[in-house]
Q: 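I'd like to ask some things about the structure below.
Per chain, numbering begins at 1; letters A, B, ... match sequence-line order. FYI, side chains are in, hydrogens and waters are out, and symmetry mates aren't considered; it's all heavy atoms of this structure.
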Amino acid sequence: MNAKRSSVSTALLDWYDAHRRDLPWRAKPGEIVNPYRVWLSEVMLQQTTVAAVTPRFLAWTARWPDFASLAAADDADVMAAWAGLGYYARARNLVKAAKAVVAEHGGVFPRTEAELRELPGLGAYTAAAVAAIAFGERAVVVDANVERVVARLFAIETPLPGARPAIRAAADSITPDARAGDFAQAMMDLGSGTCTTRSPKCLLCPIREHCEGFRQGAPERLPVKAKKAAKPQRFGTIFWLERDGQVLLVRRPDTGLLGGMRAFPTGPWGEGPPGFEDAPAQAEWRMLDSTVAHGFTHFDLQLTLAVATVEAHQSRVPTASEWWPIDDLDTAGLPTVFAKAGQAIRNWAIRRAA
DNA sequence: CAACCGTGGTC
DNA sequence: TGACCAAGGTT
C-alpha cells in the first residue's frame with residue numbers, strides 16, 4: 001500500500017470512528033448491515049439531501065421493509081409514496097430491481113459491484129457504494145462529496161465534468177483494501193460537514209496535513225466547475241375538472257417528465273401562450289387570474305390554471321383517469337408542481353366562496 | 001456525450 | 001432571495 005493511501009485512510013477512519021453521523025440506514029458498530037436498507041438509502045440520497053430523505057426513509061421501510069414486500073407492492077402506492085422526492089425514475093426502478101432480486105437472484109441481493117451494476121437504477125456510484133457498505137467489497141465510491149474532497153486533496157484544477165477520470169484515479173489511489181465501506185462513508189461525512197462547498201472547515205479536517213489544496217490556500221475554489229446554461233421558460237395549462245366534490249386526475253405515461261405519477265390533465269408545455277386546446281372534457285372552462293410558477297432541473301414553468309365543473313351525467317373523460325375526492329387530495333401522491341397548482345386552486349375557491 | 005430527469009435545503 | 005447545490009442514472 002502506498003504511503004499516501006495508508007496515511008490518509010488511517011487518519012480518516014480514525015476520525016470516522018470518533019465522529020460518524022448516526023443515520024437511520026447506517027448499521028451501528030457491531031450491528032449486521034442490512035443490504036436492502038443500504039440500497040434504498042443510496043437511491044433515495046441520489047441528488048437528495050439527508051434532511052429530505054430521513055423521514056421518507058423511515059416511512060418507506062415501515063411500509064416495505066424488505067425486497068419481497070417491495071416486489072409485491074402496488075405500483076400506484078409506490079409512486080405516491082415517492083411523491084415530492086423528485087427524479088421519479090428512481091421509484092420505478094426500485095420496484096423493477098426488487099422484482100429482479102426476487103425473481104432472478106432468489107431474493108438475495110447480489111454482492112459484487114458488477115452484478116449490482118446490472119440492476120435498474122444502480123449506476124457506477126450506487127453499485128460501488130452498496131458493494132462497499134453492505135458487503136465490504138473494495139470499491140471506489142465517487143459521489144459529489146468525494147469529488148470535492150479529492151479535487152482539493154490533490155489540487156486537481158481541471159474543471160468538472162472533464163476532471164472525472166482523474167478524480168476517480170485519485171480516489172482509487174487512497175481507497176484502502178479493508179473497511180472500504182467505512183472509508184466511503186467517512187469521505188461523504190467529511191465532504192458534507194467539514195470539506196463543504198463554500199467554506200470548508202479546514203482547521204477541523206483530519207487529513208488537512210495531506211491536502212494540497214489547503215497547502216496552496218483557497219481550497220474552496222476547487223473543484224472548478226463549468227458554467228451552466230440558462231434555463232428556458234415554458235408555459236402550460238392545467239385543467240381542474242370538478243364533479244360532485246371530486247376532481248379528475250390522470251396517470252402520466254411511464255417515460256419522460258414525472259413519468260408514472262398521478263397528475264392533473266395538462267397539455268404539452270412549450271413556448272406558446274396557454275389555451276384550452278388540451279382540455280380533458282367539454283365544459284365551460286374558466287381561466288384563473290393568477291398563475292403558478294415552478295422550476296424544474298432544465299426549464300422554468302409558468303402554469304395557467306383552468307377550472308370547470310360538470311354534472312354527474314356528463315362524465316365523458318379520458319379512459320386512464322380517476323375522480324379523486326377533493327378533501328383527500330393530499331393523499332393522491334401528486335408531484336410537487338401539481339400539489340402547488342391544486343393548492344392554489346383550492347385557495348382560490350375558498351376566497352371566492354367567502 | 002450531452003440532454004434529460006425534481007425537489008427541498010442552504011446561505 | 002435567488003442561485004447554487006445534493007450519497008446520480010439513463011439514453
Q: Heavy atoms, side chains only, cut-off 4.5 Å: are A:Asp278 and A:Pro265 in contact?
A: no

Q: What is the 5' to 3' range of DNA chain B, first to last nucleotide, that sits under 4.0 Å from any heavy atom of chain A?
A: B:dC4 to B:dC11

Q: Quantified in whole Å, what is the P atom distance between nucleotide C:dG8 and nucleotide B:dT10?
A: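 About 16 Å, rounded to a whole number of Å.
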
Q: Reckon A:Pro335 touches a base, only the sugar-phosphate, or nothing at all at heavy-atom distances under 4.0 Å?
A: sugar-phosphate

Q: Using a cut-off of strictly less than 4.0 Å between a heavy atom of the residue and any atom of DNA chain C, enumerate the qualifying residues of residues 29-37 of chain A by number.
A: none

Q: Where does the angle between the aromatic ring planes of A:Phe239 and A:Phe276 fall among parallel (under 30°), tilted (30 to 60°) and perpendicular (over 60°)?
A: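 Rings of A:Phe239 and A:Phe276: tilted, as their planes differ by 30° to 60°.
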
Q: Base, backbone or nothing for each nucleotide of nucleotides 4-11 of chain C, written B, S, -, heavy atoms under 4.0 angstrom, 5' to 3'?
A: -SBBBSS-

Q: Using the C1' atom on both, measure B:dA3 against C:dA7 and round to a whole Å.
A: 23 Å

Q: For the residue pair A:Trp269 and A:Phe338, categorise the inter-ring angle as parallel (less than 30°), tilted (30 to 60°) or perpendicular (more than 60°).
A: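 It falls in the tilted class, 30° to 60°.
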
Q: Are the side chain of A:Thr54 and the backbone N or O of A:Ala51 linked by a donor-acceptor pair below 3.5 Å?
A: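 The answer is no, because no donor-acceptor pair under 3.5 Å joins these two groups.
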
Q: Quick check: A:Phe67 with A:Phe109 (ring centres under 6.0 Å apart)?
A: yes

Q: Relative to the ring of A:Phe296, is the ring of A:His294 parallel (under 30°), tilted (30 to 60°) or perpendicular (over 60°)?
A: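 A:His294 vs A:Phe296 ring planes: perpendicular.
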
Q: Would a 4.5 Å heavy-atom cut-off, applied to side chains only, mark A:Leu122 and A:Arg117 as touching?
A: no

Q: Hydrogens and angles aside, do A:Asn93 and A:Arg90 bring a side-chain donor and acceptor to less than 3.5 Å of each other?
A: no

Q: When we call it a touch if two heavy atoms are under 4.0 Å apart, what does A:Gly295 touch: a base, just sugar-phosphate, or nothing?
A: base

Q: Determine the interatomic distance between C1' on C:dT11 and the same-named atom on B:dT7; round to the nearest Å.
A: 22 Å

Q: With nearest nucleotide decided by heavy atoms, which residue, A:Pro161 or A:His294, maps closer to the 5′ end of DNA chain B?
A: A:Pro161

Q: Remember a base hit wins even if backbone is also touched, and classify A:Leu257 as base, sugar-phosphate or nothing at under 4.0 Å, heavy atoms.
A: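 Sugar-phosphate only.
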
Q: Count the heavy atoms of every other residue, nucleotide or ligand shown that sit under 6.0 Å from CD of A:Glu31, and state whether that count exceeds 12.
A: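 Enclosed.
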
Q: Would you say the side chains of A:Thr175 and A:Asp172 form a donor-acceptor pair under 3.5 Å?
A: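 No - no donor-acceptor pair under 3.5 Å links their side chains.
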
Q: Any side-chain heavy-atom pair from A:Tyr16 and A:Asp14 closer than 4.5 angstrom?
A: no

